[in-house]
Amino acid sequence: MGIIRKSNKAAGLKEIVKRCSSFGKKEDVPKGHFPVYVGEKRRRYIVPIAWLDHPEFKRLLHRAEEEFGFKHEMGITIPCEEVVFQSLTAIITS
């Protein structure tokens, strides 16, 4: 049962990324990237899809799913302070 649950979760995440990536066609999001919204002011960041494999980014996505769910049209909202997200992006890209 855990395998089914995990694959359903992965399928759900792929669907939200696909939907978010389609927003990029109108908003000039590069192929292979998707927008996320971070912090109190919901600042928009464009992140590579490859980050979905990074453990810390996965934790943020899990928190986002718990807090906001993935059933909204705006895109993925990351529930953390912007400075924390920027620190994480610096770690991921280094």
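Below, each value reflects all heavy atoms present in this structure, side chains not excepted, and no hydrogens, waters or symmetry copies.
- Atom CZ of Phe34 sits about 9.0 Å away from atom CH2 of Trp51, to the nearest 0.5 Å.
- Side-chain contact between Tyr45 and Ile78 is absent, with no heavy atoms from C-beta onward closer than 4.5 Å.
- Atom CD of Glu82 and atom OG of Ser87 lie 11.0 Å apart (nearest 0.5 Å).
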| query | Checking side-chain contact (heavy atoms from CB on, under 4.5 Å) for the pair Arg44/Val29: CA distance, chi angles, key distance, verdict? | reply | CA-CA 11 Å; Arg44 184 173 183 258; Val29 174; 3.2 Å; yes
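- Of the possible donor and acceptor atoms, one in the side chain of His33 sits under 3.5 Å from a partner among the backbone N and O of Lys31.
- Gln86 contributes atom CD, which lies 6.0 Å from atom CZ of Arg43 (distance to the nearest 0.5 angstrom).
- Looking at heavy atoms from C-beta onward, Val36 lies out of side-chain contact with Thr77 at the 4.5 angstrom threshold.
- Put simply, the side chain of Phe57 reaches to within 4.5 Å of the side chain of Val47, judged on heavy atoms.
- Residue Leu88 holds its CG atom at 9.0 Å from OG1 of Thr93, rounded to the nearest 0.5 Å.
- A distance of 7.5 Å separates NE2 of His54 from CD1 of Ile91, quoted to the nearest 0.5 Å.
- At most 12 non-hydrogen atoms from other residues, nucleotides or ligands lie less than 6.0 angstrom from CD of Glu40.
- In terms of modelled atom types and a separation under 3.5 Å, the side chain of Arg63 and the main chain of Pro79 share a donor-acceptor contact.
- The minimum heavy-atom distance linking Tyr37 with Arg42 is given by the pair CD2-O, 3.6 Å.
- Here the closest non-hydrogen pair linking Ala64 and Ile76 is CB-CG2, 4.3 Å.
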